[in-house]
Amino acid sequence: MSDQKGGNQPANNNQGKKQQKGGNLAGGGGTPPADDKKITSRTADYSQWYLDIVRRAELADNSDVRGCMVIKPNGYAIWENMQRAIDGLFKATGHVNAYFPLFIPKSFFQKEEQMAEGFAKECAVVTHYRLKSTNGKIEVDPEAKLEEELIVRPTSETIIWNTYKGWIQSYRDLPLLINQWCNVVRWEMRTRLFLRTSEFLWQEGHTAHATQAEAEAETLQMVNVYRQFAEDWMAMPVLVGPKSDGQKFPGAIYTLCIEALMQDGKALQAGTSHFLGQNFSKAFDVQFTAEDGKREFPWATSWGASTRLIGGLIMTHSDDNGLVIPPRLAPTHVVICPMGRSDEERAPCTAAAEKLAAAIAELPRDDFYGYQPLRVKIDRDTKNSPGHRFAEWELRGVPVRVEIGPKDMEKSACVLARRDIPGKEGKTMGVPLDVAPQQIDALMREIQKNLFDRAKKARDATMRTANSYDEFKQMIEQPGFIWAHWDGTRATEDKIQEETKATIRVIPFDGPKEAGQCMVTGQPSEKRVIFARAY
RNA sequence: CGGGGCAUAGCUCAGUCCGGUAGAGCGCCUGGUUUGGGACCAGGAAGUCGUCGGUUCAAAUCCGGCUGCCCCGACCA
């Protein structure tokens, strides 16, 4: 569909009152981009580059609430596309959505000890339920103290297992395969837009099974769902496998994860799937009667992925010209820019743009597009120069831009520009208008694949093998993933983290089976694990 | 929670040392000229200088309290 509102153009719409100062310019000390039309380059300052993209592509703002972000329409549209894809994968594996309360009574929290400990330091707590106005000043009414404090959910295992107690009586009630889309709060000391905020959006799946084997199969299945989403939609290669005990979820027997590598060589945990054993069913005394009539505790899993994925998306593909979004997640697939020096020159270009937009919307809807029509916009800006408009659409990461100017009209042709190859190098001139829709369709698939291949190549190029701790210490100063032997103990992991700031990111399933000795203690090790510095 | 920095127009900042009519660039609005890689001219709108108090004839500026935000560190999806 072409956009309804004419004259719509990539302009800043900074409304609102006082945004906090110095947000993207590193407080007082930072250096603003030399040319404020351009964003900071990745080599100059990677985290400033990231902030510039988030701000200039209008994905999100810092809000006036500490640690919390405002996700703007451009950013939220990406999240909606992510949700649609992930939710589809959940449904295809038999899961259903439900919703559980935001507030969790403190006593629930206490029931599972490890989890309570794991999250204790970052919980928001509701203590009162009323305000009162004294001399025009609003204050908490001390009379309205809650008998039992409520925790704002950092994750929902406790409230959900408390609920499951009422839902599970018989083996016939199992498996219970439930997911919820919601917000959670983890009171973070330091936040970064999308990557770590005090409140974030996510989904959390919570399943209950009659047997351990079934629950473990579910845990594995769901991490593979995340892998599929990361690779096929986000075009983001990931390593898959268990976390070390030191890195697992509090309350889990083990945690499986997908682990991605960002362009700056830091790792990002992008999704986790936990095998919870009977920890929660026992904590909440959930039992069912098995086929043989015996009372048993069900086996649990939980799994989650959050708006952090948007940060991962940005840091996997984007470049110094701005955001790059893989076609399958792009809020806008194609933008068509009619040009011309005068209304007379422009009119036929605009008409051709409209016709092309309609033709693109008629392309077959297949799985690649989630069975939706392609999302097409017409840029009717007449005020800004073409160069300005092109740069602005590149900044926003639209995968394909079509340019139609007077010279093209003479040949009934257009120019296709692909975002994964920025600037003039990514342009194909003289594409006949009547075959443009098919070419655009092909280009979408090619861009999607190219982004994945490119990201995988970049990641693989960082992968190294360390054979001694000294070697490791040197290697870790360079970005990327490092394979190394580790004795499997928490103590060694902690020591390595303390001395090098690197953590065990994942013990990949498909890593080479190669016995050796721990690089620190010399104890035997079955296989190498992946170390990196992480977000 | 420690260490540092900052708070003046929508954004980025100057002005603060040395008190005296509130500034610039970008953006925005209007008109005109433009338009194939971030155009130009002219005009215009826009700020209780974070907040409370003190000093002073006079405070963005000096002094004190408070608040908020950013960066670095510890902690973390």
Side-chain angles (χ1 to χ4, degrees), chain A residues 10-33 35-39 45 47-48 51 55-56 61-67 118-122 154-155 184-192 194-198 200-202 204 243 247 249-250 255 257-259 268-272 274 303-309 311-312 321-322 337-343 345-346 349 381-395 401 403-409 414-415 417 422-427 429 498 501 503 534-535:
Chain A
N12 293 345
N13 55 333
N14 292 314
Q15 71 284 74
K17 27 168 208 15
K18 181 146 307 197
Q19 297 299 336
Q20 57 297 328
K21 301 298 177 184
N24 28 49
L25 291 181
T31 314
D35 173 354
D36 73 355
K37 286 177 175 166
K38 287 220 161 89
I39 61 174
D45 183 345
S47 49
Q48 187 59 50
L51 290 170
R55 183 186 45 140
R56 293 284 301 280
D61 276 341
N62 282 309
S63 73
D64 287 342
V65 184
R66 183 216 292 267
F119 285 103
K121 280 174 290 183
E122 45 186 359
T155 179
V184 288
V185 168
R186 296 180 189 178
W187 212 262
E188 298 292 348
M189 304 279 183
R190 258 188 77 197
T191 59
R192 296 190 72 184
F194 291 118
L195 296 173
R196 171 162 298 106
T197 46
S198 290
F200 57 93
L201 306 182
W202 77 342
E204 47 179 326
K243 285 284 187 193
Q247 302 284 330
F249 177 77
T255 290
C257 70
I258 57 170
E259 197 74 21
L268 185 77
Q269 177 172 309
T272 48
H274 316 292
W303 23 274
S306 73
T307 39
R308 166 180 262 199
L309 289 172
N321 294 313
C337 300
M339 294 175 296
R341 284 174 294 258
S342 62
D343 284 348
E345 251 180 20
R346 211 154 31 227
C349 298
D381 183 2
T382 58
K383 179 184 167 250
N384 290 296
S385 69
H388 180 97
R389 294 157 68 196
F390 300 164
E392 203 64 29
W393 288 115
E394 261 168 25
L395 182 57
R401 183 181 68 250
E403 305 167 8
I404 305 181
K407 288 182 215 159
D408 300 298
M409 289 311 295
C414 62
V415 175
K424 287 177 178 164
E425 293 71 33
K427 284 191 182 187
M429 313 288 186
E498 198 171 310
K501 302 205 159 125
T503 47
Y535 275 101

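Backbone-only contact: K501(A) has heavy atoms under 4.0 Å from sugar-phosphate atoms and none from a base. As judged by a 4.0 angstrom heavy-atom cut-off over every strand, G423(A) is placed among the base-contacting residues. Residue contacts shown for L195(A) include a base, since a base heavy atom lies under 4.0 Å away. Base engagement by V415(A) is indicated by at least one non-hydrogen atom pair under 4.0 Å involving a base atom. Using a 4.0 Å heavy-atom cutoff across all strands shown, Q269(A) reaches sugar-phosphate atoms only and no base atom. No engagement by T503(A) is indicated, since no non-hydrogen atom pair under 4.0 Å with the nucleic acid exists. E345(A) comes within 4.0 angstrom of no nucleic acid atom, judged by non-hydrogen atoms across all strands. Base contact: F200(A) has a heavy atom under 4.0 Å from a base atom. Nucleic acid contact class of G340(A) (heavy atoms, under 4.0 Å, all strands): base. At a threshold of 4.0 angstrom between heavy atoms, the contacts of R192(A) with the nucleic acid are absent. Within 4.0 Å (heavy atoms only), T382(A) reaches at least one base atom of the nucleic acid.
Across the protein-nucleic acid pair, D343(A) atom CG and G32(B) atom P stand 12 Å apart, rounded to whole Å. Counting to the nearest Å, the P atom of A77(B) and the CH2 atom of W202(A) are 10 Å from each other. Remark: C1' of G36(B) and NE2 of H388(A) are 16 Å apart, rounded to the nearest angstrom. As rounded to whole Å, 16 Å separates atom P of G73(B) from atom CD of E498(A). Between R401(A) atom CZ and G38(B) atom P the separation is 12 Å, expressed in whole Å. Taking atom CG of D381(A) as the reference point, atom P of C28(B) lies 10 Å away to the nearest angstrom. Straight-line distance from the CD atom of E403(A) to the C1' atom of G38(B): 14 Å, rounded to whole Å.
When distances are taken from the side chain of F390(A) to each of A77(B), U35(B), G37(B), the shortest belongs to G37(B). Counting only heavy atoms from C-beta on, E188(A) has its side chain closest to C75(B) among G37(B), C75(B), G38(B). Picking from G37(B), A77(B), G36(B) the nucleotide with the shortest atom distance to the side chain of T197(A) gives A77(B). If you check C71(B), G36(B), G38(B) against the side chain of R56(A), the one that comes closest is G38(B). Here G36(B) is the nucleotide among G36(B), G37(B), U35(B) with the atom lying nearest to any side-chain atom of K407(A).
Judged by closest nucleotide on RNA chain B, I404(A) is the one of T307(A) and I404(A) placed further toward the 5' end. Of the residues near RNA chain B, Y535(A) and P386(A), the one whose nearest nucleotide (by heavy atom distance) lies more toward the 5' end is P386(A).
One can find a donor-acceptor pair under 3.5 Å joining the base of U35(B) and the side-chain atoms of R346(A). Remark: the N384(A) side chain and the G38(B) base include no donor-acceptor N/O pair separated by less than 3.5 Å.
The distance from the CZ atom of R56(A) to the CD atom of E392(A) is 6.0 Å, given to the nearest 0.5 Å. In this structure, CH2 in W303(A) is found 11.0 Å from NE2 in H274(A), a value given to the nearest 0.5 Å. Note that CG of L195(A) and CD of Q269(A) are 12.5 Å apart. Values are rounded to the nearest 0.5 Å. With rounding to the nearest 0.5 angstrom, the CG atom of L309(A) is 11.0 Å from the CZ atom of F200(A).
Geometrically, R401(A) engages F390(A) in a cation-pi contact defined by less than 6.0 Å to the ring centre and at most 45° from the axis.
Listed pair N62(A) / C70(B) meets the phosphate criterion, a side-chain N or O lying under 4.0 Å from OP1 or OP2. Side-chain nitrogen and oxygen atoms of S385(A) include at least one within less than 4.0 Å of the OP1 or OP2 phosphate oxygen of A39(B). K383(A) has a side-chain polar atom (N or O) that falls below the 4.0 Å cut-off from OP1 or OP2 of C28(B). Close to G37(B), at under 4.0 Å from its OP1 or OP2, lies a side-chain N or O of K424(A).
Taking the C1' atoms as reference points, C11(B) lies 24 Å from G37(B), given to the whole Å. Taking atom C1' in both G3(B) and G15(B), the straight-line distance is 29 Å, to the nearest Å.
The nucleotide C49(B) finds no pairing partner, because no Watson-Crick or G-U wobble arrangement with both distances shorter than 3.5 Å includes it. Shown here, C75(B) forms no base pair; nothing in the strands shown gives a Watson-Crick or G-U wobble contact with both key distances under 3.5 Å. Look at U61(B): it lacks any Watson-Crick or wobble partner with both distances under 3.5 angstrom. Base-pair partner of C11(B): G25(B) (Watson-Crick or G-U wobble, both distances under 3.5 Å). Partner assigned to C40(B) is G32(B), using Watson-Crick or G-U wobble distances below 3.5 angstrom. Across all strands shown, the partner of G68(B) is C6(B), judged by Watson-Crick or G-U wobble contacts whose two distances both fall under 3.5 Å.
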Item to check | Pair Q247(A)-T255(A), side-chain contact (heavy atoms from CB on, under 4.5 Å): steps then yes or no | outcome: CA-CA 8 Å; Q247(A) 302 284 330; T255(A) 290; over 6 Å; no

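For W187(A), the CH2 atom sits in a loose shell: 12 or fewer heavy atoms of surrounding residues, nucleotides or ligands are nearer than 6.0 Å.
Side-chain contact between M409(A) and I404(A) is present, with heavy atoms from C-beta onward closer than 4.5 Å.
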